[in-house]
Amino acid sequence: MTATAPTGPTGRQTPPAATAPSITPVVVRLKLSLLRNGLRQSGGRRAAYLTSAVLALLFALSQLLGLIVLRGHAHIASVAVPGGALLALGWAVMPLFFPSGDETLDPTRLVMLPLRPQPLVRALLAASLVGVGPLFTVLLLAGCVIAVAHGAVAWTVAVVAVPLALLVCVALARAVAAANIQLLTSRRGRDLAVLSGLVVAVGAQLVNFGMQRLGTAGLAQLDPAADVLRWVPPATAVGAVDSASRGDHAAAAAQLALTAAALAALLGVWARSLTRLMTSPDASTVQSPDAAARERSGGGLARLLPPGRTGTVMERSLRYIWRDPKTKAAWVTSLAIGLIVPVFNALQGTGSPYFACFAAGMLGIQMYNQFGQDTSAFWMVALTISTPRDAYVELRGRALALLTVTLPYATLVTVLTTALLGGWARLPQVLGLSFGLLGAMLATGAWMSARFPYSIPQEGYKNVAPGQAGLAWIAVFGGMLSAALLCSPVIALTIWSHVSASGESWSWVLLPVGALYGAGLTVLGLRLAAPRTAARLPEILTAVSKG
């Protein structure tokens, strides 16, 4: 018998159902079109992309050659295996801090299309392999496996391990992006993007610290971490090659299987996230009744602050620190660097307790350009200032808000640095010097805010509006130099306590002297800046509204 086509209700034969075409080539072409059209927008963007791509590939090639040179080293596996884990960590945090770096990271743009999750996962996974990032990852993974591969079995495992590890990295990035896409497209997501520079800076310090420790103690220090990470995907792929090189084929098979299981699990999580995104309403911007009630009641912050205008100004300033992306980025950067510099130097044994003054200095900078942080919203504040007294209360509230964070933070960093160095005898001196420096910076910051205000753009990564860079340099560096001069009596007293025979027994006096001197400078600076602030309100409003 010959097969016949099925017949419909009218007796006519109906054609067989057509198989749905694959969307993978379409999505890959879409990714290529997005890259091409993005580079066509401007010559500057094209030059920036090509420069960054060339630098990234040169770095990857240098690491590849370095790993090949280290091939045969006794502890090379302790470098290669953690390298795979670091690559996965980079892919995991990339969508959190650079959500706009790849337009195809946002699957909500495809919600209105009749697409099923599984084909969409395959298509987006293939599209994710297009770009500089995957090529960078392949080069580093190739270097890791070449460094540890010895023997035919190990090379055979390496051929499977490299693409498998690459797919795990890409699937991890996509799963993280899909699970957090509502966050990444919200205001808090933009906060994360602004804070990405801080993560890079802190990460660079951590890498520098780690490299210095490895340079003195050798690669053997990485052995315990490598023994753990070789069972954590996708580092298990590099660990499988190393196990095969050592003849432990059972461990190599288990590590490859663990890598494949991790890939399957990530693809499953990604598919479920896509299903939820495409079938659930977006409630990321809907405020719950409880949150709204807390917002109306003012929360617990207002109850802890003094009454009147001072408390209102403090609450507004603290809310700016928590909610405004640019202000938050500046504060978190200052907090992190103010801790990293003294603590890391103390851990390396090259620091001094006086490095803790760096914390007070970094946070004191936040007093400069107080009105520029308000941008165009400063006009509402300006309407409430009609006398020097109003300006004084406004500046005092902003200074007290800064002190709410700075005083305990500077004290904590000083105590921690002193404890790490074991120099408890220097604690009163360092605290007194920190408090004196902080008071001097608050005083000069209030005056510079009124004399040299400048605008901070809300969009992008610039911290100064075009044409106002000179004002920013004068305000910050001129204020810091003035603060150093104002703090010279405390500095001189500190030096005297070191060089004088009887100064050591009186070193504890520096703590109350520094605190009182800093408080006096702060009050004096606020009182001198208040009349100028009240007289220059129109100029200040014009300057801070340019961004």
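Just so you know, these numbers use all the heavy atoms, side chains as well, and skip hydrogens, waters and symmetry mates.
- Of the possible polar contacts, none joining the Tyr517 side chain to the Val490 backbone as a donor-acceptor pair under 3.5 Å is found.
- Side-chain atoms of Thr387 come within 3.5 Å of backbone N or O of Asp390 as a donor-acceptor pair.
- Atoms CG and CG, on Leu412 and Leu407 in that order, are 12.5 Å from each other to the nearest 0.5 Å.
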Item checked: side-chain contact (heavy atoms from CB on, under 4.5 Å) between Ile340 and Phe358, intermediate numbers included -> CA-CA 10 Å; Ile340 287 173; Phe358 201 78; over 6 Å; no

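- Nearest heavy-atom pair, Leu363 versus Leu402, reported as atom, atom and distance to 0.1 Å: O-CD1, 3.8 Å.
- Side-chain contact between Leu86 and Leu140 is absent, with no heavy atoms from C-beta onward closer than 4.5 Å.
- Side-chain atoms of Pro353 and Thr414, non-hydrogen and from C-beta on, never get closer than 4.5 Å to each other.
- Scanning all heavy atoms of the two residues, the minimum distance from Met448 to Gly478 falls at CE-C, 3.8 Å.
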Next item on the list: For Tyr454 and Val476, run side-chain contact (heavy atoms from CB on, under 4.5 Å): C-alpha distance rounded to whole Å, both residues' side-chain angles, the deciding distance at 0.1 Å, then the answer.
Entry: CA-CA 11 Å; Tyr454 57 91; Val476 176; 4.0 Å; yes

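- Under a 3.5 Å cut-off, the side chain of Tyr409 and the backbone N or O of Leu339 do form a donor-acceptor pair.
- Of the possible donor and acceptor atoms, one in the side chain of Arg536 sits under 3.5 Å from a partner among the backbone N and O of Ala450.
- Using cut-offs of 30° and 60° on the angle between ring planes, the pair Phe136 and Phe59 is parallel.
- In this structure, Leu524 CG and Leu486 CG are separated by 8.5 Å, a value rounded to the nearest 0.5 Å.
- Distance check: Leu493 CG to Leu433 CG gives 10.0 Å after rounding to the nearest 0.5 Å.
- Between Leu266 atom CG and Arg174 atom CZ the span is 13.5 Å, to the nearest 0.5 Å.
- Nearest heavy-atom pair across Thr444 and Ser482 is CG2-CB, 3.8 Å.
- At a threshold of 4.5 Å between non-hydrogen side-chain atoms, the residues Val415 and Leu427 count as touching.
- Within the 4.5 Å cutoff, no side-chain heavy atoms of Ile365 are placed close to those of Ser334.
- Judged purely by atom type and a 3.5 angstrom limit, Arg309 has no side-chain atom pairing as donor or acceptor with the backbone of Val393.
- Between Tyr392 and Thr533, the side chains place no donor N or O within less than 3.5 Å of an acceptor N or O (distance only, hydrogens not considered).
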Note to self: Apply side-chain contact (heavy atoms from CB on, under 4.5 Å) to residues Leu511 and Phe435 and explain how you reach the verdict.
What the structure shows: CA-CA 8 Å; Leu511 177 55; Phe435 294 157; 3.9 Å; yes

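- Across every non-hydrogen atom of Leu172 and Ala92, the tightest pair is CD2-CB, 3.7 Å.
- Surrounding CH2 of Trp473 are at most 12 heavy atoms belonging to other residues, nucleotides or ligands under 6.0 Å away.
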Margin query: For a side-chain contact (heavy atoms from CB on, under 4.5 Å) check, start with the C-alpha distance between Leu318 and Ile321, then their side-chain angles and the critical distance, and finish with the verdict.
Written below: CA-CA 5 Å; Leu318 293 173; Ile321 295 172; 4.2 Å; yes

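- Ser449 contributes a side-chain N or O that, together with a main-chain N or O of Met367, makes up a donor-acceptor pair within less than 3.5 Å.
- Atom CE of residue Met362 and atom CD1 of residue Ile337 lie 4.5 Å apart, to the nearest 0.5 angstrom.
- When all heavy atoms of Leu510 and Ser497 are compared, the pair lying nearest together is CD1-OG, 4.0 Å.
- Of all non-hydrogen atoms in Ala56 and Val132, the two that sit nearest each other are CB-CG1, 4.3 Å.
- Atom CZ of residue Phe452 and atom CD of residue Glu539 lie 13.0 Å apart, to the nearest 0.5 angstrom.
- In this structure, the side chain of Thr312 engages the main chain of Gly308 through a donor-acceptor pair within 3.5 Å.
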